[in-house]
Amino acid sequence: MWTCPKCGRTFKNQNQDHFCGKAPETIDAYILEQPEDIQKYLYQMHGILQAALPDAQERISWSMPTYWNQHNIVHFAGFKYHFGFYPGPEAIEMFEERLKEYKTSKGAIQFPYNKPLPAELIAEIAKWCNDTGNHA
């Protein structure tokens, strides 16, 4: 077990990535709090999801950028070497063949910063989650 010296929360893994302090109030505020070198990826993700889900509300849920329409549709979050996209386990199963080159687990997809962002696939997954009601 590891306890963060800044926020006092306890985690299973040493130096586990997490958000300390008060959650940002907007997606743009969340992105601006991330390291400068990954902000461009997060802005790109934000733009893809805005275009794919034009009727969704933008929120912060669980300290992560979230798109919402009667329920949480999808979330995303920045990490040191990748950003996570959280469409839920049903989406991972539905798009399994097209996600083979990415690490997936428990409804999450990891997109490494050193690979091009699969914008079309992300948009398709987000729309599928919204249209089917399967969500994060």
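- Across all non-hydrogen atoms, the minimal contact from Phe76 to Pro65 is O-CD, 2.9 Å.
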Would you please test Phe85 and Leu49 for side chain to side chain contact (heavy atoms under 4.5 Å, CB included) and show each step?
CA-CA 11 Å; Phe85 179 48; Leu49 294 174; 4.1 Å; yes
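- Leu42 and Leu121 fall within a single hydrophobic cluster, where Ile, Leu, Val, Met, Phe, Trp and Tyr side chains are chained together by heavy-atom contacts under 4.5 Å.
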Hey, mind stepping through Val74 and Thr66 against side chain to side chain contact (heavy atoms under 4.5 Å, CB included) and telling me if it holds?
CA-CA 6 Å; Val74 294; Thr66 301; over 6 Å; no
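- Inter-residue side-chain proximity for Met45 and Ile122 is flagged as met; some heavy-atom pair is nearer than 4.5 Å.
- Using a 4.5 Å heavy-atom cutoff, the side chains of Ile60 and Met64 are not in contact.
- Ring geometry for Phe83 versus Phe111: interplanar angle of 30 to 60°, hence tilted.
- Closest approach of Pro87 and Gly107 over heavy atoms only: CD-O, 3.2 Å.
- When every heavy atom of Ile48 is checked against every heavy atom of Ala123, the shortest pair comes out as CG2-N, 3.9 Å.
- In this structure, Lys80 forms no cation-pi arrangement with Tyr113, as its terminal cationic atom is not both closer than 6.0 Å to the ring centre and no more than 45° off the ring axis.
- In plain terms, the two heavy atoms of Ile73 and Cys129 that are nearest each other are CG2-CB, 3.9 Å.
- Looking at heavy atoms from C-beta onward, Ile109 lies in side-chain contact with Leu99 at the 4.5 angstrom threshold.
- Proximity of a side-chain donor or acceptor of Ser105 to a complementary backbone N or O of Ala108 within less than 3.5 Å is not detected.
- Between Lys115 and Glu101 the shortest heavy-atom distance is NZ-O, 3.4 Å.
- With hydrogens and angles left out, the side-chain atoms of Tyr30 and His46 include no donor and acceptor closer than 3.5 Å.
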